[in-house]
Amino acid sequence: MPVAGRSVGGALAAILGREGLREDDAARAAASVDGEVPRWVARPATPEQVSGVLALAHDAGLAVAPRGSGSALELGRPPARVDVVLDLGGLDRVLDWSPDDLTVSVQAGVSAGALATRLAGRRQLLPLDPPGAATRTLGGLTATAASGPLRARYGTLRDLLLGVRFVQADGVVTWGGARVVKSVSGYDVPKLMIGALGTLGVLVELTLRLHPTPEAERTWLVRVRDGAEAQAVVDALLDSAIQPNRVELLNGAALGAAGLPAGAAAVAVSVGTVAAAVRAQGEALAALARRVGGEAVPQPADFWDRYGRAGALGGGVRLRVATLVTGLAAALGELDAAAADLAPGVAARVTGCAAVGALHVALAPIAPEAAAALVERLRGFVAPAGGSVVVEAGPRALREALDPWGPVAPGPLGLMRALKDEFDPARVLNPGRFVGGL
Amino acid sequence: MALTRTVLDALTRILGPDGVISSPEGRLVYECDMQTFYKGAPDVVALPESAEQVEAIVRLCRRERVPVVPRGSGSGLIGGAMAPAGGVMVGLNRMDRILEVDLPNRCATVQPGLVNLWLTRAVEDRGYFFAPDPSSQMVSSIGGNVSTNAGGPHCLKYGITVNHVLGLELVTGAGERVQLGGKVADRPGYDLTGTAVGAEGTFGLVTAITVRLLHAAEAVKTVLASFPSIEHASEAVSGIIAAGIIPAALEMLDALMIQAIEAGIGAGYPKGAAAVLLIELDGPAAEVEAQAERAAAICRERGALDVRVARDEAERALLWKGRKEAAGALGRLAPMYMLQDAVVPRSKLPAIMREILAISERHGVQIANVFHAGDGNLHPLILYDDRHPEQVERARAANEEVLHACIAMGGTVTGEHGVGLDKAQKLPLQYADADLNFMYRLRGVFDPDRLMNPGKLLPSHPACGEGFRPARPRLPDGAWI
């Protein structure tokens, strides 16, 4: 039932305390999502407060947009409604780190950088390294299914998230999964929360699997003459006994942005293990590169910091392109051709994990219409093999011109809609932003 | 519940007479899985050969409101592939083909009835393997592995089944055949594939599975260390993990288990040891070499009586043979055993082993232990003679206490076998009402009529019933609404 803003504000203040609720214009404007200015900005300090806010929002018919560091707010469709922005940055405690068990439980607002700093003391790591991860929250990384170069070896959140506490749309605090590294008791609820953009529940706590930091690590840039040679390097590498922890593909524009020597394309490979094995695998990689016609050039230790900059940009358009591993060169070729046809003069930087065919494309500067045409063309190219193109960031106009998620087949989409109908029938959580307008 | 003639006739029309087993003696074969404690024969067994037939069966059963129970090889340990409420059991063994092997993209698509090991056999000459390796892998089906989200000794490094499933073709409880996921790793939307793995047939029947294949490691080394006590061996486990080594497998056997294996197949384990640690390392040759040396040194520092490195493939196979056939070897000690599958945080191993010993003494039952020490997944085997009812009672009481002790240490009721009928009533130990209710509703999304493998995975509990509403927070008083 509709309620007066003032009384809802009062109830929110009672739940959150004065320090947890902002209603002033400046705070509301700063928290806007795609230009939609919320009526309240809630910054809960405890999961119980999250629960209270959602229960209230549910009963009062309000729409809630959860938010971590605010770095991925352009992922998804423009929101249908935003009444409350729920800033989870205040849930920033590391709850339980058990180095002997290689597990850690954290609140969702802990940043990946803060956790990494803690873990480094015992030479452990959470191998989750998308661009900008250091300042992003772990809840946000989970809700957006973010991944980075290290997925080549360690997989994604699907392989790292063991347990999750979330608050359902009606305020019910719920736990799924386990706090141990191995459990099959009950449904794998954590999987459901990864990449769900908070549309089935607001994440408040995560239990994650950790890995030991390799004692030695080295990186090489395998320079090649064209996309086909890059594909040959990737294919040969994956079919070899070399055990890389990163296999990243870069096109010419990305090489330039990272301040690396010019070229048409390159494959950046790192190996992390004991020192003797790093040496041996480096030699194997050099031989493999020579066989394919390329050259493996050793890189300095700060290579991956610079690499992160190649994918990052402000104000442009970022795409996630998923393709078969064997389709990487073809996707690169199609992207270049499409850019030349539809957006001449626009630099398309391509980086991404070649070991699984998960590419990131950064386009700037580009007009929304040109970007939309380019996305449609790329979708047409990768879809027949099961690939997809998701707009990860870009202006609202682009995400209104086309569905930023792309099509989802009717069968799975029907199940996704049924999930949303079951767990958030009132459409409290991020309404309109997810696939199919869920 | 007896099936109507209509259902039997319709099944015969879908499958032909060869695809339907309805005789009492034929159905009896299907009354239990390897957990023989629970028995329930289906009213009829259907043996489809195609996904279309599976879909037709599910639609028929939904129309007629008949339970559907999937079954692979029947090698499960949880009372999953049996029919407590009767109905139609769908045996998927005839759907055992490899549909596609795509090595350049490191994946394969198979039918659910394919035996786990056959997939590795099909690709090993080209240097690839399918990582999930439950001890049953010579007989268990990949569909069954997906259904229970099976583990295995090597999941310490490689993960459990779900980490290797890229896509599923699923006939939901609503009778819809949907393709979830596929060969391309990432796709927009909820991870339905990941959510459906481990659903134990309660979401519907899986008719095709796309799995990841891994490149075989360059080198493998198996190290065997024996210790004067479980504590010493557990210390070594902690030491190995703390040294940044993640072995492919890290298995522990206790004295009773060692004794049974040696009396049985003779795996060459040292006599008199109170614990044996089997450490397997795989990866690049230089890494394996260095880490094996380090692991061996750690074992010696933590008081190992003896440390051996398998010299060749034959010796390695023998060391593993003992581990893989551990449960069978117990037949020499007692006619029956109850097998537990609980998990504790790895750091709690010494504590839980002390507790299990105390439980064993308190109830006067022998408990042999073989477990995945690397991930804290315990397999205490509680021995009893079923000809003596009071032994059965004592074993059951001990079993119960072990489970409670594991949960009290922050563990979970099943690490890799699954829930089935066996553990369903244990879930409330681990989950609150709201958590159970969420799972109950999740199942309803895939299986609205709740006819798919009824009685499994979810407990009979108020939170798993229509109309249950978990407690919500109390909102502030006032005139706001």
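Quantities reported herein were computed from a predicted structural model and do not represent experimental measurements. Chain A is the first sequence line, chain B the second, and so forth, proteins listed ahead of strands; every chain is numbered from 1.
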Q.
A side-chain contact here means heavy atoms from C-beta on lying under 4.5 Å apart; do A:V325 and B:P104 qualify?
A. no

Q: Please state whether the side chain, the backbone, both or neither of A:S388 comes within less than 4.5 Å of a heavy atom of chain B.
A: side chain

(Q) Would you compute the distance between atom CG of B:N149 and atom CG of A:D188 and round it to the nearest 0.5 angstrom? (A) 6.5 Å

(Q) Do A:M193 and B:Y190 make a side-chain contact, defined as non-hydrogen atoms from C-beta onward lying under 4.5 Å apart? (A) no

Q: Could you grab the distance from atom CG of A:L238 to atom CZ of B:R106, nearest 0.5 Å is fine?
A: 4.5 Å

Q | B:K423 versus chain A, the contacting section by heavy-atom distance below 4.5 Å | A | neither

Q) Which bit of B:A199 is near chain A, if near means a heavy-atom gap under 4.5 Å: side chain, backbone, both or neither? A) both

Q | Nearest heavy atoms of A:Q168 and B:A434, plus distance in Å | A | NE2-O, 4.4 Å

Q. Going through the distances and angles, do B:F446 and A:Y187 end up as a ring-ring contact (aromatic ring centres under 6.0 Å, His included)?
A. CA-CA 12 Å; B:F446 288 85; A:Y187 298 120; 8.4 Å; no

Q | Residue B:V237 versus chain A: region with a heavy atom under 4.5 Å | A | neither

Q) Is the B:F438 ring parallel, tilted or perpendicular to the A:F423 ring (thresholds 30°, 60°)? A) parallel

Q: Using a cut-off of under 4.5 Å on heavy-atom pairs, state which of A:S98, A:G436, A:G186, A:G327 scores highest against chain B.
A: A:G186

Q. Is it the side chain or the backbone of B:L457 that comes within 4.5 Å of chain A heavy atoms, both, or neither?
A. side chain

**Q.** Engaged part of A:L102 at the chain B interface, taking heavy atoms whose separation is under 4.5 Å
**A.** both

Q | B:V184 versus chain A, the contacting section by heavy-atom distance below 4.5 Å | A | both

(Q) Could you report the tightest heavy-atom contact between B:L475 and A:L56, atom names first, then the distance? (A) CD2-N, 3.7 Å

Q: Locate the shortest heavy-atom distance separating B:R346 from A:D100; write the atom from each residue and the value.
A: NE-O, 3.0 Å

Q.
If the contact rule is any heavy atom under 4.5 Å from chain A, which residues of residues 409-418 of chain B qualify, in numerical order?
A. B:G410, B:G411, B:T412, B:V413, B:T414, B:G415, B:E416, B:H417, B:G418

Q | Under 4.5 Å from any heavy atom of chain B - which part of A:S183 | A | both

Q) Can A:D101 and B:S347 be counted as having a side-chain donor-acceptor contact under 3.5 angstrom? A) yes

(Q) At a 4.5 Å cut-off on heavy atoms, which part of B:R294 comes close to chain A: side chain, backbone, both, or neither? (A) side chain

Q | Any donor-acceptor N or O pair under 3.5 Å, side chains A:D239, B:Y128 | A | yes

Q | Which of A:T199, A:V189, A:L200 touches chain B most, by non-hydrogen pairs under 4.5 Å | A | A:L200

Q) Can you tell me if A:R123 uses its side chain to pair, donor with acceptor, with the backbone of B:G244 under 3.5 Å? A) no

Q: Identify the two heavy atoms, one from B:D435 and one from A:W175, that lie closest to each other, and give their separation to 0.1 Å.
A: OD1-N, 2.8 Å

Q | Interchain contact, B:A471 with chain A, by part (heavy-atom threshold 4.5 Å) | A | backbone

Q.
Counting only non-hydrogen atoms closer than 4.5 Å, does B:Y431 touch chain A with its backbone (N, CA, C, O), its side chain (CB onward), both, or neither?
A. side chain

Q: Enumerate by number any residue of residues 152-162 of chain A whose heavy atoms lie under 4.5 Å from heavy atoms of chain B; in the absence of such residues, state 'none'.
A: A:R158, A:D159

(Q) If I measure from the heavy atoms of chain B, does A:A145 come under 4.5 Å with its side chain, its backbone, both, or neither? (A) neither

What donor-acceptor contacts under 3.5 angstrom involve side-chain atoms of residues 274-283 of chain A, with partners at least two apart or in another chain?
| from | atom 1 | to | atom 2 | distance (Å) |
| --- | --- | --- | --- | --- |
| A:Q281 | OE1 | A:Q243 | N | 2.6 |

Q. Between A:G177 and B:Q430, which heavy-atom pair has the shortest distance, and what is it?
A. O-NE2, 4.3 Å

Q: Name the region of B:L436, side chain, backbone, both or neither, that has any atom closer than 4.5 Å to a heavy atom of chain A.
A: neither

Q. Where on B:T148 is there a heavy atom nearer than 4.5 Å to chain A: the side chain, the backbone, both, or neither?
A. backbone

(Q) Between B:D186 and A:R151, does any NZ, NE, NH1 or NH2 come within less than 4.0 Å of an OD or OE carboxylate oxygen? (A) yes

Q | Side-chain donor-acceptor pair present, A:T326, B:N105, cut-off under 3.5 Å | A | yes

Q) Got a second to check how far B:Q291's CD is from A:T273's OG1, nearest 0.5 Å? A) 5.5 Å

Q | Most contacts with chain B, counted as non-hydrogen pairs under 4.5 angstrom, among A:L197, A:I15, A:T103, A:D170 | A | A:D170

Q: Grab the two heavy atoms, one from B:L156 and one from A:R209, that are nearest each other, plus how far apart they are.
A: O-NH2, 2.9 Å

Q: Check whether any side-chain N or O of B:R472 sits under 3.5 Å from a backbone N or O of A:V173 as a donor-acceptor pair, and report yes or no.
A: no

Q. Does anything in residues 406-416 of chain A get under 4.5 Å of chain B by heavy atoms, and if so which residues?
A. A:V408, A:G411, A:P412, A:L415, A:M416

